[in-house]
Structure formats: C-alpha cells, structure tokens
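What follows is a set of notes on a single structure, which appears directly below.
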2 protein chains.
Amino acid sequence: MNVKLATEIGKCLSNKPRVQILEWLKEPEKHFPPHETLKHFNDGVCVTYIQEKAGLSQSTISTYLTNMEKCGLLIMTRHGKWSYFRRNEDTIKAYTKFLI
Amino acid sequence: MNVKLATEIGKCLSNKPRVQILEWLKEPEKHFPPHETLKHFNDGVCVTYIQEKAGLSQSTISTYLTNMEKCGLLIMTRHGKWSYFRRNEDTIKAYTKFLI
DNA sequence: CGAATATATCTATAATCCTCGATATATCGA
DNA sequence: TCGATATATCGAGGATTATAGATATATTCG
C-alpha cells in the first residue's frame, strides 16, 4: 500500500452508493436475495441485484463495480453471463493498516 | 460511524495531498522542523509548515485542514496566532473498524 | 494604536466526477 | 442461428472538486 493506491481507494470510498455497496457486501445474505441459478453467496452478488438495491442505472453500477475491482476493493468472478462481486478483504485490511 | 460520515471521510481521503498530510502527521518529527516557538509536536504541526511541505497555496491547505477537522480526521489546537493540526486517532480507528 | 504575521474565508476557473441513455459485447436457450 | 438476458463501454450534460489569488480576521509586538 502506498499514497497513490490509497488515494485511488479513497476515491472509491468518496461516494455514498459505493460505500453502501461495500457495506452490503459484508453480509450479502442479509441484503440480497439468493441468486436463482447460483444458490450461494461464495462469490458475492451479481450486478443486477446490486443495481436494483442501489436504485441507480445499470451502467453506473457496472462502472462503480469495475472501478472498485480495479483498485482492489472487490473481486469479480464470472459465472456464465453473470458477474459476481465480493469484497477483497486483503486490500481492505491493507488499506486500514495504512491509515493507522 | 455510519455511511454518511464514512463518505465524508472518504472524500477527504480521495486526494493525494490530503492523504499525504495524514501520513506525514503520523510522525511529525520525521517530516517537519520543530516549531520555533512551540518546541514539541504534542499538538501536531502548524499550517505554514504543512503548506510548505505540500507545495500548495496557503488557502488550499487551510481549507483542506479545516475540512479534515470537520469530519473528525484531525484535531486543531490554537496557540496564539498558530493553528496546530494533529491526527484524531479515534476517528481514524472508528473509520477502519467500519470498513472491516 | 499600527505594522507584521498566521490563518480563514470568499470568489472564480479549470478539471474531475456523477449519472444517464445508447450502444456494444458476451452468454444462454429455443 | 436468433432472440433474450446480463454486463461493459461510450459519450454527454450537469454537479462537484481542486486550487489559486484576493481579502478578511485574529494575534503579537513595538
């Protein structure tokens, strides 16, 4: 972790919907219905469910999630036509360690 | 800590100079000269020293520091005509706890 | 008091971000 | 293969932020 990467992460965490998404993904089963195809949450939640919960457009949420993945906050796993996103606890931990 | 406050903190941490300032203030004695009047770093560092080190204008740094104080990242102590800023470890810890 | 110094606030402009709709790409199912 | 579904990317308009200079306020000192 360094100032540059920390700043990129900070940018992701500078907007309410994105912070909210990161919070929701702490406990996906509490905030999202189980996916009709994949019954578990092992790889997180698909874009559509997050989009519906956030109430923003599909393109906006897709961009958010991609950016959060780029700076390491999220991990994406593709299953067929679905992209699942879950938290990357390693990066989050490294970031908090950097701040303290 | 809640999503709203966390987002405000995230905004402060979304810009390189501000992240850098928070890092410098971890160990003021390593990054700043001792103040000519106050010889210790108990209350942090004065605006002018931070401004010179950051290489940005006085008004910019003053605004940054004030905003960082408003969301609880920094603590300000006034000594005569100088404003000293130091980290507010309580808020920083609460923020990292919120993220994890 | 008046000058000097340190900081805060105001105002303005350029840069960046937010968010969307439109469109492109990828995958699945009939 | 074609149509439907899920996601990604592009392009644009409005909103916010970055940063500076000018000015205001507060404090010290002669």
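Within every chain, numbering begins at 1; the chains are lettered A, B, ... in the order of the sequence lines, protein sequences first and strands thereafter. No experiment lies behind these values; they were computed from the predicted model shown.
- Taking the side chain of Ser62(A) as heavy atoms from C-beta on, and the options dA8(D), dT7(C), dC20(C), the nearest nucleotide is dA8(D).
- In this structure, the NZ atom of Lys16(A) is 16 Å from the C1' atom of dT19(C), given to the nearest Å.
- Annotation: Lys16(B), atom NZ; neighbour count of heavy atoms from other residues, nucleotides and ligands within 6.0 Å does not exceed 12.
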Would you tabulate the pairs of protein nitrogen or oxygen atoms and nucleotide nitrogen or oxygen atoms of nucleotides 13-18 of chain D closer than 3.5 angstrom?
| residue | atom | partner | partner atom | Å |
| --- | --- | --- | --- | --- |
| dA18(D) | OP1 | Arg18(B) | NH2 | 2.8 |
| dA18(D) | OP2 | Arg18(B) | NH1 | 3.3 |

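- Which of dT7(D), dA22(C), dT9(C) sits closest to the side chain of Ser59(A) comes down to dA22(C).
- Under the 4.5 Å side-chain heavy-atom criterion for ILVMFWY residues, no single connected hydrophobic cluster contains both Leu25(A) and Tyr84(A).
- Considering only side-chain atoms of Trp82(A), the nucleotide from dA6(D), dA6(C), dT19(D) that sits closest is dA6(D).
- On a pure distance criterion of 3.5 Å, a polar donor-acceptor pair joins the side chain of Gln58(B) and the base of dA8(C).
- Comparing Lys81(B) and Arg78(A) against DNA chain C, the residue whose closest nucleotide sits nearer the 5' end is Lys81(B).
- Atom OH of Tyr84(A) and atom P of dA8(D) are 13 Å apart (whole Å).
- Rounding to the nearest 0.5 angstrom, the gap separating the NZ atom in Lys26(B) from the CG atom in Leu99(A) is 7.5 Å.
- Between Met76(A) atom CE and dA26(C) atom P there is a gap of 13 Å when expressed in whole angstrom units.
- Ser83(A) has a side-chain polar atom (N or O) that falls below the 4.0 Å cut-off from OP1 or OP2 of dA8(D).
- The shortest side-chain heavy-atom distance between Leu13(B) and Leu13(A) does not fall under the 4.5 Å cut-off.
- In this structure, Ile21(B) atom CD1 and dT19(D) atom P are separated by 10 Å, rounded to whole Å.
- Among dT7(C), dT9(D), dA8(C), the nucleotide with an atom closest to any side-chain atom of Thr66(A) is dT9(D).
- In this structure, Ile61(B) atom CD1 and dT7(C) atom C1' are separated by 13 Å, rounded to whole Å.
- To the nearest angstrom, P of dT5(D) lies 22 Å from NE2 of His79(A).
- Remark: of the listed residues Arg87(B), Arg86(B), Lys93(B), Arg87(B) is the sole one forming a salt bridge (charged side-chain N to carboxylate O under 4.0 Å, His left out) with Glu89(B).
- In this structure, Lys4(A) is not positioned above the aromatic face of Phe98(A) in the sense of NZ or CZ being under 6.0 Å from the six-membered ring centre and within 45° of the axis.
- Straight-line distance from the CD atom of Gln51(A) to the P atom of dC18(C): 17 Å, rounded to whole Å.
- Counting only residues at least two apart or on different chains, the ring-ring contact (aromatic ring centres under 6.0 Å, His included) pairs with a member in residues 38-78 of chain A are His35(A)-Tyr49(A).
- The CG-C1' distance, from Asp43(A) to dT7(D), rounds to 16 Å in whole Å.
- Residue-to-nucleotide proximity on DNA chain C shows that, of Leu56(A) and Gly80(A), the 5′-proximal contact is made by Leu56(A).
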